[in-house]
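Beneath this line is the structure, given in structure tokens, with notes to follow.
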Amino acid sequence: MMQRQPLPILTMNPEFLKRMEALLKEEFPAYLASLQEPVHRGLRVNTLKITVEELKKRLSFELRPTAISPTVFEIDSQLTSLGHSLEHRSGLYYLQEVSAASAVEVLDPQPGEWILDLCAAPGGKSTQIAMKMKHQGILFSNEIDPGRARILLSNLERCGVANAIVTQASPAMLRKQMTGWMDRILVDAPCSGEGMFKKESQALKDWSVAHVEACSQRQKKIVDDAVAMLKEGGILVYSTCTYALEENEEVIHDLLENHPEMELLDCNVSFGRPGYDRGKVYGRKVRRIFPMDEGEGHFVAKLRKNSMPEQTMRIEREPFFSSLQAERFLSEQLKKVPLLYHHHYQERLFLVPFEPLKLNRIRILRQGIELGELRKGRLEPHHHFYVTALFKGLYARTLECDREEAERFFRGETFPCNDVWGYTALEHRGICFGFAKADGTMAKNHYPKGLRMR
Ligand code: SAM
């Protein structure tokens, strides 16, 4: 795989450079120098599935600690094909630029809470929030773009998340249903991506002052919807991967002007540096990360809602049921069947760690763990059932595979297996990466077609 070359400064928009010089002043030369450095590549250990120590034993490359979190590491920018490794496909880690992991540390999610990740795809921050929730509470993971929402779903599945409701809706649509529901909301807003220029040449091509202004208008609208969905005492974290004041401090200033119920809190973290004073925003309370620090660039602000001017929307629940086929399948497949709600959507069956919710006129991609589909009265299991971290160590029928066998599975091949029958969890060193259906001699591959290695 080709490695991205350092950015020639000549390709940068002169207007952008002028604005950066005005923002950074004497640090501007250090910023220019950072453009010639390789990107800060990051890896976050998915502690839903593995400990940091255990993962280190399985990897052949170095994990360098960062100030962001004990689970976030910097890795060599030259490493290639990490997204295809057995450990990545098994959801043991998420590749995430180091500073991108800062916002969830500020959000500080707690198990048992209702947390909305409003702009969630591809899922870096949602999978990080889920890790901290430890399967307890509800993670509402939403993405407006249908194609990106499918990628979000796949990443949540790979990382073994069990307690998410994945939706594809606009913030305004969600607001109609969810006013006053959330303990915490993350708005990782669509932005002009100035911190991504080294990684994404498209962000560089799209940049203009007019684009920055348009992003700022859209961000103000998104945070306004987010504020409504917080409950009293609820926490909002706003983040971007851009440097422009219009998309950062000025969005927060605007929010504080329009919402006297909101209070800016200190981010209270040791990484990054203060931001800029701007109207009602005190720079020392918000956090910025520049490439001269640790990571490519991020802005984070934390706010609390101190009163509830709007009326909270009623919470409706879906009817739950017990399917005979599901009960039989679970008692065959798991050593111990955990207490979970059973929910269905047409022929698709789900196991949900919370009482399933009814959301009207909102596209729900998944609620809880996708167990499988009923076809002609039989249950055909789904990949999610076998890779969720909630059932780690619980599968009754397992087949331990070596690296080579796992790779054959990821390519979609069948493989010989003697004396194994029926649906079987495939594991490598105790962690399940998929399932096959065995007939005593051969195992039929059930790895989702879209994920297979070509
Ligand atoms: N939080 C994600 C992560 O960590 O993987 C990255 C989110 S990205 C910065 C912003 C997302 O906002 C994009 O997926 C984009 O499709 C979405 N978006 C675009 N326009 C939006 C809008 N008007 N309202 C809400 N989300 C929007």
Side-chain angles (χ1 to χ4, degrees), residues 44-50 82-96 115 117 120-135 137-143 145-168 329-330 333-334 338 340 343-345 348-354 356 363-373 379-395 406 409-410 412 423 425-428 431-436 445-453:
R44 182 170 44 74
V45 180
N46 179 16
T47 53
L48 279 182
K49 292 202 171 185
I50 198 161
L82 291 186
H84 294 300
S85 75
L86 167 58
E87 286 73 20
H88 185 264
R89 285 176 179 272
S90 308
L92 307 190
Y93 61 76
Y94 194 101
L95 295 168
Q96 185 177 33
I115 302 181
D117 185 3
K125 296 183 182 72
S126 267
T127 52
Q128 192 179 0
I129 295 170
M131 232 168 82
K132 291 179 183 274
M133 295 178 81
K134 303 186 174 130
H135 304 304
I138 309 181
L139 167 61
F140 297 81
S141 192
N142 179 68
E143 169 57 41
D145 179 278
R148 289 176 64 83
R150 306 290 327 166
I151 299 170
L152 169 68
L153 189 71
S154 173
N155 276 325
L156 286 164
E157 180 174 295
R158 180 176 63 79
C159 291
V161 178
N163 63 324
I165 299 183
V166 187
T167 55
Q168 187 251 305
F329 178 83
L330 288 171
Q333 290 288 318
L334 297 179
L340 294 166
H343 165 59
H344 76 108
Y345 178 70
R348 290 163 68 200
L349 302 185
F350 301 86
L351 303 169
V352 194
F354 47 84
R363 182 152 186 252
I364 303 181
L365 276 70
R366 185 174 292 165
Q367 195 156 180
I369 302 163
E370 186 138 8
L371 171 62
E373 198 167 341
L379 181 78
E380 292 197 2
H382 192 278
H383 182 66
H384 195 194
F385 171 74
Y386 288 95
V387 294
T388 175
L390 194 61
F391 299 154
K392 194 178 154 203
L394 284 186
Y395 300 104
F409 175 75
F410 295 140
Y423 291 116
L426 304 179
E427 296 191 343
H428 177 70
I431 292 181
C432 187
F433 55 83
F435 76 104
N445 198 312
H446 281 265
Y447 195 46
K449 290 204 167 63
L451 299 179
R452 292 183 185 177
M453 283 206 275

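None of these values were measured; they are calculated from a predicted model. Computed over heavy atoms, backbone and side chain alike; hydrogens, waters and symmetry mates excluded.
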Where do Phe410 and His84 land on the side-chain contact (heavy atoms from CB on, under 4.5 Å) test, with the steps shown first?
CA-CA 9 Å; Phe410 295 140; His84 294 300; over 6 Å; no
Between Tyr93 and Ile50, is a side-chain contact (heavy atoms from CB on, under 4.5 Å) present by the stated rule, with each step listed?
CA-CA 9 Å; Tyr93 61 76; Ile50 198 161; over 6 Å; no
Check the pair Tyr395, Leu334 against side-chain contact (heavy atoms from CB on, under 4.5 Å), reporting the backbone distance first and the verdict last.
CA-CA 5 Å; Tyr395 300 104; Leu334 297 179; 3.8 Å; yes
Assess whether side-chain contact (heavy atoms from CB on, under 4.5 Å) is satisfied between Leu86 and Phe433, documenting all intermediate values.
CA-CA 8 Å; Leu86 167 58; Phe433 55 83; 4.2 Å; yes
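Proximity of a side-chain donor or acceptor of Lys392 to a complementary backbone N or O of Lys49 within less than 3.5 Å is detected. Judged by distance alone, with hydrogens and angles left aside, the side-chain atoms of Tyr94 form a donor-acceptor pair with the main-chain N or O of Gly124 at under 3.5 Å. Asn163 places no side-chain N or O within donor-acceptor distance of the main-chain N or O of Pro353, the cut-off being under 3.5 Å. Looking at Arg158, its side chain does come within 3.5 Å of a backbone N or O of His88 through a donor-acceptor pair. In this structure, Arg89 contributes its side chain and Leu451 its backbone to a donor-acceptor pair below 3.5 Å. At distances below 3.5 Å, at least one donor-acceptor pair connects side-chain atoms of Thr388 with backbone N or O atoms of Gly160.
Separation of atoms CZ (Phe354) and CG (Leu139) is listed at 9.0 Å; rounding is to 0.5 Å. Interatomic distance, CE of Met131 versus OG1 of Thr47, reported as 3.5 Å (0.5 Å rounding). If you take CG on Leu92 and NE2 on His428, they are separated by 9.0 Å, rounding to the nearest 0.5 Å. Here the straight-line distance linking atom CG of Asp117 with atom CG of Leu152 works out to 7.5 Å at 0.5 Å rounding. For the atom pair Leu349 CG and His343 NE2, the distance stands at 10.0 Å (nearest 0.5 Å). Note that the CD atom of Gln367 and the CZ atom of Phe140 stand 8.5 Å from one another [nearest 0.5 Å].
Residues Glu143 and Arg150 are not in side-chain contact: their nearest non-hydrogen atoms beyond the backbone lie 4.5 Å or more apart. Proximity of Glu87 to Leu82: side-chain heavy atoms (C-beta onward) are nowhere separated by under 4.5 Å. Within the 4.5 Å cutoff, the side chain of Leu390 has no heavy atoms near those of the Leu351 side chain. Within the 4.5 Å cutoff, no side-chain heavy atoms of Tyr386 are placed close to those of Leu426. A heavy-atom distance below 4.5 Å is not found between the side chains of Tyr345 and Arg366.
Taking a 6.0 Å sphere around CZ of Arg348, one finds it holds more than 12 heavy atoms contributed by other residues, nucleotides or ligands.
Ring planes of His446 and Phe435: parallel class, angle under 30° (limits at 30 and 60°). Using cut-offs of 30° and 60° for the angle between ring planes, the Tyr423 and Phe329 rings count as perpendicular.
Taking every heavy atom of both residues into account, Gly372 and Leu379 meet most closely at C-CD1, 4.1 Å. Of all the heavy atoms in Arg44 and Gln96, the pair that sits closest is NE-OE1, 2.8 Å. Taking all atoms of both residues into account, the shortest heavy-atom contact from Asn155 to Pro122 is ND2-O, 2.9 Å.
Considering only residues two or more places apart in sequence or on other chains, Ser141 meets the side-chain hydrogen bond (donor to acceptor under 3.5 Å, both in side chains) condition with Ser126.
When Leu48, Thr127, Val387 are each tested for a side chain to side chain contact (heavy atoms under 4.5 Å, CB included) with Cys159, only one passes: Thr127.
Ring centers of Phe385 and Phe391: under 6.0 Å apart, within the cut-off.
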